[in-house]
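Letters A, B, ... mirror the listed sequences (proteins, then strands); counts begin at 1.
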Amino acid sequence: MPELPEVEITRQSFAQAIQGAKILRVNLGKALRWPLGCEPSALIGMQVLGVRRRAKYLLVDLSGGLLLVHLGMSGSLRFSSAMPAMGLHEHFEMQTTQGTLRLKDPRRFGAVVYARSPLDTAAQKLLGHLGPEPLESDFTVAYFKNTLSGKTAAIKTVLLDARVVVGVGNIYANEALFLAKINPKAAAGKLSAERVQRLLQAIQQVLKRALAVGGSTLKDFSNAQGKEGYFQLEMMVYDREGEPCRVCGSLVRTLRQGQRSTFYCPQCQKR
DNA sequence: AGGGTGACCTGTCGGC
DNA sequence: TGCCGACAGGTCACCC
């Protein structure tokens, strides 16, 4: 579920409320993708200094380190002062003086990992290889063009590579390519400078729009206050196989690339 | 080195 | 109705 917009919306929905809280207790459910990396009790007494985001990770800064929280495919966070006992698919919970933060993740591809600092090996293993943030100033046309040059892989596949640019997942990769009118099978390294620029702008446009409407709720995404997003109502191609293109009326097609579904308009995205 | 595949895990949906 | 395979918002380890 969670790509950059959903992760950022989640962050915004509880960062203020949890800032300054002291950790009272940490409870674990079934194992997530990676182990926590410390005794849960070791976190007790630490203070939450703030919540940042890097790529699709939430970084919960603590007085004694940080937690890297990833939502995987099916994860969502909830922050509330009134919480029932941990239920099915709830695998991490942190009780604080200002409320309880809880991760629900049916598929358990998500993770909560403790690191002493953003630079230690536990954090660097997850963050060290990441490329630029798509909405920050270092994601430039020059960088993008240079990084794509020489790549023979399909541009759709390359957009999902976090070493190239972070935060773009399957929904927004499809949507950005549609907006830029680029065929998902086009070789990344053969895109003209003009098309690379168009694609960069399309990535930023689609992510900003999704952020503005609270992200995409396909099945069950909601922010830490339980509020859903509405970007799914505006999707041009994702999950619209066989439906008419909203621009030209051609029927949206699918194909498989890197074991993921690609959706595109055969007319608007001829090349 | 870049590119492609399998693996992780659970739920849901469509087809027979 | 029931079973079975395919697929789902991610990303890492591994192969050539």
Report which part of the nucleic acid [X] touches: base, sugar-phosphate, or nothing (heavy-atom distance under 4.0 Å, all strands).
X       : answer
H91(A)  : nothing
S261(A) : sugar-phosphate
F231(A) : nothing

#### Entry: R53(A) and E8(A): CA distance, side-chain angles, deciding distance, salt bridge (charged side-chain N to carboxylate O under 4.0 Å, His left out) verdict
CA-CA 7 Å; R53(A) 181 189 56 75; E8(A) 175 61 20; 2.9 Å; yes
Could you state the [atom1]-[atom2] distance from [X] to [N], rounded to the nearest angstrom?
X       : N       : atom1 : atom2 : result
D161(A) : dG10(C) : CG    : C1'   : 13 Å
K156(A) : dG10(C) : NZ    : C1'   : 13 Å
L77(A)  : dG9(C)  : CG    : C1'   : 15 Å
L126(A) : dG10(C) : CG    : C1'   : 13 Å
W34(A)  : dG10(C) : CH2   : P     : 13 Å
H70(A)  : dC9(B)  : NE2   : C1'   : 15 Å
K125(A) : dT11(C) : NZ    : P     : 14 Å
L127(A) : dC12(C) : CG    : C1'   : 14 Å

### Task
For each nucleotide in nucleotides 10-16 of chain B, reading 5' to 3', give B when a protein heavy atom comes within less than 4.0 Å of its base, S when such contact involves only the sugar-phosphate, and - otherwise.
BSS----
### Closest listed nucleotide, where the reference is the side chain of R256(A) and the choices are dA8(C), dT11(C), dG9(C)
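Of all the options, the side chain of R256(A) is nearest to dA8(C).
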In whole Å, measure the gap between the [atom1] atoms of [N] and [M] for me.
N       : M      : atom1 : value
dG6(B)  : dA6(C) : C1'   : 16 Å
dT5(B)  : dC7(C) : P     : 14 Å
dT11(C) : dA1(B) : P     : 23 Å
dG5(C)  : dA7(B) : P     : 16 Å

### Query
For Y57(A) and dG10(C), is the shortest distance between a side-chain N/O and OP1 or OP2 below 4.0 Å?
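It does not, given that no N or O in the side chain of Y57(A) lies less than 4.0 Å from OP1 or OP2 of dG10(C).
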### Message
Is K56(A) close enough to dG9(C) that one of its side-chain N or O atoms is under 4.0 Å from OP1 or OP2 there?
### Response
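No, no such contact exists.
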### Earlier contact from the 5' end, DNA chain B, for R33(A) and R163(A)
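That would be R163(A).
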### Message
If we count only N and O atoms by modelled type, under 3.5 Å, do the side chains of K156(A) and T262(A) hold a donor and an acceptor together?
### Response
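A donor-acceptor contact under 3.5 Å links the two side chains.
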### Message
Quick one about S216(A) and Y172(A) (side-chain donor to acceptor, distance below 3.5 Å, no hydrogens or angles considered), yes or no?
### Response
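Note: Y172(A) and S216(A) side chains meet the donor-acceptor criterion.
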### Query
Does E93(A) pair with R25(A) as a salt bridge, N-O distance under 4.0 Å?
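No, E93(A) and R25(A) are not salt-bridged.
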### Message
Can you tell whether the side chains of K56(A) and E3(A) come within less than 4.0 Å, N to carboxylate O?
### Response
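Salt bridge: no.
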### Q259(A) (side chain) and dG6(B) (base): donor-acceptor pair under 3.5 Å
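Such a pair exists between side chain and base.
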### Task
Can you tell me the pairing partner of dC9(B) across any strand shown, Watson-Crick or G-U wobble, with both distances under 3.5 angstrom?
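Paired with dC9(B), as far as the under-3.5 Å criterion goes, is no nucleotide at all.
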### Message
Restricting to non-hydrogen atoms, name the atom on A123(A) and the atom on P118(A) that form the minimum distance, rounded to 0.1 Å.
### Response
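Looking at all heavy atoms of both residues, the shortest contact is CB-O, 3.4 Å.
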### Query
Can you name the residues that form a side chain to side chain donor-acceptor pair (under 3.5 Å) with D61(A), not counting sequence neighbours?
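Result, side chain to side chain donor-acceptor pair (under 3.5 Å) vs D61(A): R52(A).
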### Task
Output yes if the stacking criterion (under 5.5 Å between centres, under 30° between planes) is met for F109(A) over the base of dT11(C), else no.
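Ring-base stacking flag not set for F109(A) and dT11(C).
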### Query
Would a 4.5 Å heavy-atom cut-off, applied to side chains only, mark K185(A) and L255(A) as touching?
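A side-chain contact exists here, since the closest heavy-atom pair is under 4.5 Å.
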